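Some notes on the structure that comes next.
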Amino acid sequence: MARPSFLPTAVEQYVNGLLARETPLQGRLRAETAALPQARMQIGPDQAALLALLVRLTGARRALEVGTFTGFSALAVASALPPDGRLVTCDVNEEWTAIARRYWEEAGVAGRIDLRLGPAAETLAGLLRDGAAGSFDSAFIDADKESYDTYYESCLRLVRPGGLIAIDNVLWSGAVADPSAVDAETSAIRALNLKVRDDRRVEACLLTVGDGVMLARKREVP
């Protein structure tokens, strides 16, 4: 699994411990998730703060998330949405998302979150069939890496012109820069990074936050 940060430990602790302004509830959710074997799938407090800020900067009212896990990123996004905002989040695991639901309820944001259990590709295709193209302000992709291209293409159709797509783990613990790393996950991420770089439909920037976050703003005129 991907290393959550490239920062030296002391610097990471400084950023996440002193500057990320994590709430006590967020801290408890991270602590509970840390006990799971898949704990390294969780984003850090700095990335949660980034996602929340991006929601506010874009004035998002409708957000989309591919990959819920235990709900830490969804909690950050939903908390940043206005009271009538809506987050549609996709996952396949009922055990992990049961943890998420508890914390969303406690935070008072459960009413803003629409959890769709099932394969994300099918959920996204269903949204498109239902006429949701161009209706979302932002999207966050953090799920199975081999399907990243599918998720990116679907989100690009679902997000409005001027909307923002954030893609997690695009540095994949540095494996993307290692020519000897040719496994399916690394190859999929590497291919998507190059695709987004050359994609005239978006303006993109890769941030070295966490395990790498690609930001892609959908152009008003491709």
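Starting from 1, each residue takes its place in the sequence as its number. Here the structure is a predicted model, which is why all the values come from computation and not from measurement.
With Q47 contributing its side chain and G44 its backbone, the two residues share no donor-acceptor pair below 3.5 Å. No side-chain donor-acceptor contact under 3.5 Å links K145 to the backbone of T186. The backbone N or O of W172 sits nowhere less than 3.5 Å from a side-chain atom of N169 that would complete a donor-acceptor pair. Judged by distance alone, the side chain of D144 and the main-chain N or O of E146 form no donor-acceptor pair under 3.5 Å. The backbone N or O of L117 lies less than 3.5 Å from no partner atom in the side chain of D91, so there is not a single donor-acceptor pair. Looking only at distances, a side-chain donor or acceptor of T97 sits under 3.5 Å from a matching main-chain atom of E94.
Screening residues 164-177 for salt bridge (Lys or Arg N to Asp or Glu O under 4.0 Å), with sequence neighbours left out, gives no hits. Screening residues 66-83 for side-chain hydrogen bond (donor to acceptor under 3.5 Å, both in side chains), with sequence neighbours left out, gives T33-T70, E65-S73, T68-T89.
Cluster membership for V170 and F6, using ILVMFWY side-chain heavy atoms within less than 4.5 angstrom, is shared. Cluster membership for V92 and I113, using ILVMFWY side-chain heavy atoms within less than 4.5 angstrom, is not shared. Residues L75 and L36 share a single hydrophobic cluster, defined by chaining ILVMFWY side chains whose heavy atoms lie under 4.5 Å apart. Both Y151 and L206 are assigned to one and the same hydrophobic cluster, defined by single-linkage of ILVMFWY side chains at heavy-atom distances under 4.5 Å.
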Inset, instruction - Report the C-alpha distance between L64 and L87 in whole Å, list the side-chain angles of each, state the deciding distance to 0.1 Å, and finish with yes or no for side-chain contact (heavy atoms from CB on, under 4.5 Å). - result: CA-CA 6 Å; L64 182 62; L87 168 65; 5.7 Å; no
Legend entry - Evaluation steps, side-chain contact (heavy atoms from CB on, under 4.5 Å), between L171 and T208: CA-CA 8 Å; L171 293 179; T208 54; 4.1 Å; yes
Inset, instruction - Please step through salt bridge (charged side-chain N to carboxylate O under 4.0 Å, His left out) for the pair E22 and R30, ending with a clear verdict. - result: CA-CA 10 Å; E22 183 176 55; R30 278 204 312 117; 2.6 Å; yes
Inset, instruction - Go through R217 and E220 one step at a time and tell me if the salt bridge (charged side-chain N to carboxylate O under 4.0 Å, His left out) criterion holds. - result: CA-CA 9 Å; R217 176 184 179 272; E220 279 86 356; 2.6 Å; yes
Inset, instruction - Decide salt bridge (charged side-chain N to carboxylate O under 4.0 Å, His left out) for R201 and E153; before the verdict, give the C-alpha distance in whole Å, the side-chain angles of both, and the deciding distance to 0.1 Å. - result: CA-CA 11 Å; R201 299 171 296 177; E153 288 295 336; 2.8 Å; yes
Inset, instruction - Before giving the answer on side-chain contact (heavy atoms from CB on, under 4.5 Å), spell out for R28 and E106 the whole-Å C-alpha distance, their side-chain angles and the decisive distance to 0.1 Å. - result: CA-CA 11 Å; R28 285 195 284 110; E106 187 175 347; 2.3 Å; yes
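In summary, the side chains of Y103 and E32 do present a donor paired with an acceptor at a separation below 3.5 Å, with no hydrogens or angles considered.
Taking both residues in full, the closest heavy atoms of L51 and A166 are given as CD2-CB, 4.4 Å, listed atom of the first, atom of the second, then distance. Summarising the geometry of W104 relative to A74, their closest heavy-atom pair is CZ2-CB, 3.6 Å, with the distance given to 0.1 Å. Summarising the geometry of A175 relative to A181, their closest heavy-atom pair is O-CB, 3.6 Å, with the distance given to 0.1 Å. Residues R112 and G85 approach most closely at CB-O, 3.6 Å, considering heavy atoms. When all heavy atoms of A52 and A80 are compared, the pair lying nearest together is O-CB, 3.6 Å. Of all the heavy atoms in A139 and C155, the pair that sits closest is CB-SG, 3.9 Å.
Taking the side chain to side chain contact (heavy atoms under 4.5 Å, CB included) definition, one finds that L194 meets it with R197, sequence neighbours left out. For V15, the side chain to side chain contact (heavy atoms under 4.5 Å, CB included) partners at least two apart in sequence or on another chain are L7, V11, D46. Judged as a side chain to side chain contact (heavy atoms under 4.5 Å, CB included), and not counting sequence neighbours, the contacts of D84 are R61, P82. Residues passing the salt bridge (Lys or Arg N to Asp or Glu O under 4.0 Å) test with R116 are D114, sequence neighbours excluded.
With a 4.5 Å cut-off on side-chain heavy atoms, V159 and D137 do not count as touching. Residues P161 and R219 are not in side-chain contact: their nearest non-hydrogen atoms beyond the backbone lie 4.5 Å or more apart. Using a 4.5 Å heavy-atom threshold, the side chains of V202 and L156 count as touching. Looking only at side-chain heavy atoms (C-beta outward), K195 and D149 come within less than 4.5 Å of each other. Contact annotation: the side chain of F140 never approaches that of V66 to less than 4.5 Å [non-hydrogen atoms, C-beta and beyond]. Side-chain contact between Y148 and E185 is absent, with no heavy atoms from C-beta onward closer than 4.5 Å. Side-chain contact check for L215 versus L207: some heavy-atom pair is nearer than 4.5 Å. Using a 4.5 Å heavy-atom cutoff, the side chains of L115 and V88 are not in contact.
For the atom pair SG (C90) and CG (D142), the distance works out to 12.0 Å, reported to the nearest 0.5 Å. The distance from atom CD of Q42 to atom CZ of F72, rounded to the nearest 0.5 Å, is 5.5 Å.
Atom CZ of R86 sits in a crowded spot, with more than 12 heavy atoms from other residues, nucleotides or ligands closer than 6.0 Å.
Here K218 does not pair with E203 in a salt bridge; the nearest charged N to carboxylate O distance is not below 4.0 Å.
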